[in-house]
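Here is the structure we will look at.
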Amino acid sequence: MSQPKTIIEKVWDQHVVHEEEGKPNLLYIDLHLIHEVTSPQAFEGLRLSGRKVRRPDLTYATMDHNVPTIHRNVIKDQISKKQMETLKENCEEFGISLADINHPDQGIVHVIGPELGLTQPGKTIVCGDSHTSTHGAFGALAFGIGTSEVEHVLATQSIWQAPPKTLQIHIDGKLGTGVTAKDLILAVIGRFGVRFGTGHVIEYTGEAIRNLSMEERMTICNMSIEAGARAGLISPDETTVEYLRGKRYVPEGEEFDKAAQQWLNLASDPGARYDMELEIHADEIEPQVTWGTNPSHCVPVSAQVPDPLNAESDDEKDSIERALEYMGLEANQTIQSIPIEHVFIGSCTNSRISDLRKAADIVKGGRVHEGIRALVVPGSQSVKQAAEKEGLDKIFIDAGFEWRDAGCSMCLAMNDDIVPPGERCASTSNRNFEGRQGNGARTHLVSPEMAAAAALEGRFVDVRKQMSTV
Amino acid sequence: MEPLKKHHGIVYPLNRSNVDTDQIIPKQFLKRIERTGFGQFLFYNWRFNDDGSLKENFSLNDPKYNDASILVGGENFGCGSSREHAPWAIQDYGFKVVIAPSFADIFYNNCFKNGILPIQLPNSAVEKLMEKAEAEIYGLSVDLEKQVVYGRELEVNFDIQPYHKEMLLNGWDEIAVTLTHEDKIDQYENNTKGVKTLGIS
């Protein structure tokens with residue numbers, strides 16, 4: 001038998017178009033996803049040099065970053081409007097399929113790819129967005145690229161990439177009740193930091209990963225970039241195959257069975273070696289809350305905000321002090337004493353139907369705490385529709401949440417969904433960077449369940465206690 | 001793209017780790033459809049008060065660094081969002097070289113597409129550069145051909161992938177380079193084992 005290989009190596013090797021000593025590999029791209037913010041300059045570049053899009057049929061566009069999530073047809077921001085119009089014109093000119101703001105398939109690019117079945121195991125997928133790693137949940141090699149690379153992929157359907165190092169994160173055991181995929185990935189980043197993944201593609205393995213649904217796996221892979229990794233993926237299994245069955249762009253009948261067999265064969269071989277291996281135990285993980293200004297600044301909900309005096313290095317001390325000042329928190333303050341003013345349930349990390357169901361379970365019959373503005377922004381128009389069919393919208397609206405149309409929304413606050421300076425938001429998104437949700441805004445990353453519980457209580461609480469009283 | 005072979009300039013030290021691209025250029029400036037004019041928004045929330053006046057306590061606002069063209073940062077420089085607006089802002093502001101102990105992958109790649117040289121140096125060298133540039137107006141020379149940076153009391157060699165080096169030395173258009181291999185892309189696509197069609201019309 002030949003040397004056992006990881007899925008990362010298998011997918012990579014299948015896509016090398018050209019290799020040459022001293023150069024990165026030229027890698028073929030199977031799916032190129034496009035959105036309005038990082039593509040206009042790429043299309044302009046093509047026009048200036050008289051180039052065409054090589055494979056419009058492997059390219060798919062939507063509008064998500066800028067779109068209003070309310071009153072969609074009145075876009076007040078003229079610069080945003082221009083950016084959306086530009087995408088539409090570019091897609092028309094170059095023959096690219098577009099789910100625009102009024103299209104029933106519109107949504108966050110990383111939500112609609114899987115939902116339409118465009119995302120499939122073994123594909124190489126790129127998008128001018130760092131959270132492209134989300135698609136790795138299917139065993140695709142999916143990574144974010146810059147706008148020059150978007151132009152390059154449009155023109156050549158390929159990209160120059162040095163072979164990555166491989167990193168296995170093995171998670172054994174079972175997640176406890178009320179502990180979610182979001183808590184798992186936050187705990188990983190909390191433990192190992194925001195740069196341990198640099199230069200690597202992560203494969204998540206182990207019992208805890210196998211037990212996750214596809215939507216939960218997407219939450220995990222989504223945040224690989226917050227660990228610095230180029231991509232993160234999970235070997236396909238029956239869960240993957242069953243999720244994809246019947247999706248619009250997936251083959252049917254015998255063709256599907258054939259494809260499914262190929263997908264399953266991509267899984268890492270037993271005994272495959274990785275350049276780095278890390279381990280974490282699912283049973284030890286509690287619901288997490290970030291207190292600082294990068295995703296590694298996180299602690300269990302039962303814990304306190306750290307004290308810079310306990311830092312292990314000057315660099316860490318400096319980082320904690322700066323973060324506490326920005327976040328308006330005191331050292332050693334308990335997480336559950338932190339009051340909040342905003343709640344955001346949405347983003348490519350946590351805006352899928354199962355996220356909304358879990359949040360609605362907590363919210364049901366409750367009331368958003370006085371003085372809190374709470375938003376639910378479904379990841380796609382079809383998630384929105386599915387949720388409305390189940391009556392989730394009513395649960396949220398009755399409790400005092402705002403129920404919005406699909407988009408990136410308050411995750412990065414490029415539209416009007418902004419957290420004002422100095423105010424605090426419990427957010428199911430992926431980045432708690434300074435100013436991410438608005439200039440001076442203070443973000444605390446949590447799971448949808450924890451965000452829902454915080455909305456009702458006006459501060460962070462251990463969602464597990466709420467669940468046991470139900 | 002303009003070739004970059006040698007550069008001499010003043011060092012600006014930004015002594016922070018994990019400087020993310022949201023800080024380099026905040027999202028409100030990503031709505032433009034042009035590649036140019038982003039320099040005025042570089043580090044916007046660190047440089048400016050809400051009323052648009054300069055924040056005195058942010059080091060880049062120190063007149064000493066007015067002519068700086070070499071940015072020295074901490075670990076994991078450029079992490080977070082893939083936005084190429086970050087290198088566009090850095091370049092448009094006047095920086096040609098960025099030095100750090102480590103870079104985030106996407107930012108590092110994006111630099112080369114825009115004629116910016118990112119140099120990874122050991123922590124000790126970066127610390128020394130920071131100290132010097134904080135204490136005085138410190139000039140540094142960068143020789144890409146020889147892979148060395150040198151200034152007063154400091155000389156350090158650096159590693160760079162030959163491909164990246166060639167790109168910058170020659171100011172190549174990467175798409176043009178790739179298209180010299182177009183036959184291989186055709187061949188790959190013709191090999192049905194390799195290509196998956198989406199069925200998107």
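Chain A is the first sequence line, chain B the second, and so forth, proteins listed ahead of strands; every chain is numbered from 1. If you're wondering where the values come from, they're calculated on a predicted model, not measured in any experiment.
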As an exercise: rank [options] by heavy-atom pairs under 4.5 Å with chain B and give me the winner.
{"options": "A:P24, A:G435, A:P251, A:A155", "result": "A:P24"}
{"options": "A:E36, A:E226, A:R51", "result": "A:R51"}
{"options": "A:I145, A:T132, A:V150, A:L116", "result": "A:I145"}
{"options": "A:T293, A:N439, A:D315", "result": "A:N439"}

Worksheet entry | For chain A, the option from B:A176, B:P162, B:G80, B:G74 that forms the most heavy-atom pairs under 4.5 Å |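 Of B:A176, B:P162, B:G80, B:G74, B:G80 has the most heavy-atom pairs under 4.5 Å with chain A.
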
Discussion item. Taking every non-hydrogen pair under 4.5 Å, which of B:Q161, B:E166, B:H164, B:H181 racks up the most with chain A?
Written reply: B:H181

Are [X] and [Y] side-chain neighbours, meaning at least one heavy-atom pair lies under 4.5 Å?
{"X": "B:E174", "Y": "A:S148", "result": "no"}
{"X": "A:I96", "Y": "A:P56", "result": "yes"}
{"X": "B:W46", "Y": "B:L14", "result": "yes"}
{"X": "B:E84", "Y": "A:T38", "result": "no"}
{"X": "A:N430", "Y": "A:R436", "result": "yes"}
{"X": "B:R83", "Y": "A:V37", "result": "no"}
{"X": "A:F43", "Y": "A:R47", "result": "yes"}
{"X": "A:D30", "Y": "A:I125", "result": "no"}

Sorted by number, residues from [range] in contact with chain A (heavy atoms, under 4.5 Å):
{"range": "residues 20-36 of chain B", "answer": "B:D20, B:D22, B:Q23, B:K27, B:L30, B:K31, B:R32, B:I33, B:E34, B:R35"}
{"range": "residues 86-116 of chain B", "answer": "B:W88, B:S102, B:F103, B:D105, B:I106, B:N109, B:N110, B:K113, B:N114"}
{"range": "residues 120-133 of chain B", "answer": "none"}

Side chain, backbone, both or neither of [X] within contact of chain B (heavy atoms, under 4.5 Å):
{"X": "A:R322", "result": "side chain"}
{"X": "A:V16", "result": "backbone"}
{"X": "A:T156", "result": "both"}
{"X": "A:I418", "result": "neither"}
{"X": "A:E151", "result": "both"}
{"X": "A:T86", "result": "side chain"}
{"X": "A:I79", "result": "both"}
{"X": "A:E44", "result": "neither"}
{"X": "A:A413", "result": "both"}

Roughly how far, to the nearest 0.5 Å, is [atom2] of [Y] from [atom1] of [X]?
{"X": "A:T147", "Y": "A:Q41", "atom1": "OG1", "atom2": "CD", "result": "5.5 Å"}
{"X": "A:L26", "Y": "A:H152", "atom1": "CG", "atom2": "NE2", "result": "6.5 Å"}
{"X": "A:S296", "Y": "B:N76", "atom1": "OG", "atom2": "CG", "result": "9.5 Å"}
{"X": "A:M414", "Y": "A:C411", "atom1": "CE", "atom2": "SG", "result": "12.0 Å"}
{"X": "B:I160", "Y": "B:I119", "atom1": "CD1", "atom2": "CD1", "result": "7.5 Å"}

Worksheet item: Where do A:L98 and A:N90 land on the side-chain contact (heavy atoms from CB on, under 4.5 Å) test, with the steps shown first?
Response: CA-CA 10 Å; A:L98 166 70; A:N90 284 331; over 6 Å; no

Neighbour count above 12 (heavy atom, 6.0 Å) for [X] [atom1]:
{"X": "B:D183", "atom1": "CG", "result": "yes"}
{"X": "A:K88", "atom1": "NZ", "result": "no"}
{"X": "A:K82", "atom1": "NZ", "result": "no"}
{"X": "B:K55", "atom1": "NZ", "result": "yes"}

Worksheet entry | Residue from A:D417, A:T443, A:N432 passing side-chain hydrogen bond (donor to acceptor under 3.5 Å, both in side chains) with A:Q437 | A:T443

Worksheet item: Where does B:D173 contact chain A at under 4.5 Å (heavy atoms): side chain, backbone, both or neither?
Response: side chain

Worksheet item: Once the angle between the rings of A:H35 and A:H65 is folded into 0 to 90°, is it parallel (under 30°), tilted (30 to 60°) or perpendicular (over 60°)?
Response: parallel

Practice prompt. Just jot down the salt bridge (charged side-chain N to carboxylate O under 4.0 Å, His left out) partners of A:K317, sequence neighbours excluded, or say none.
Written response: A:E321

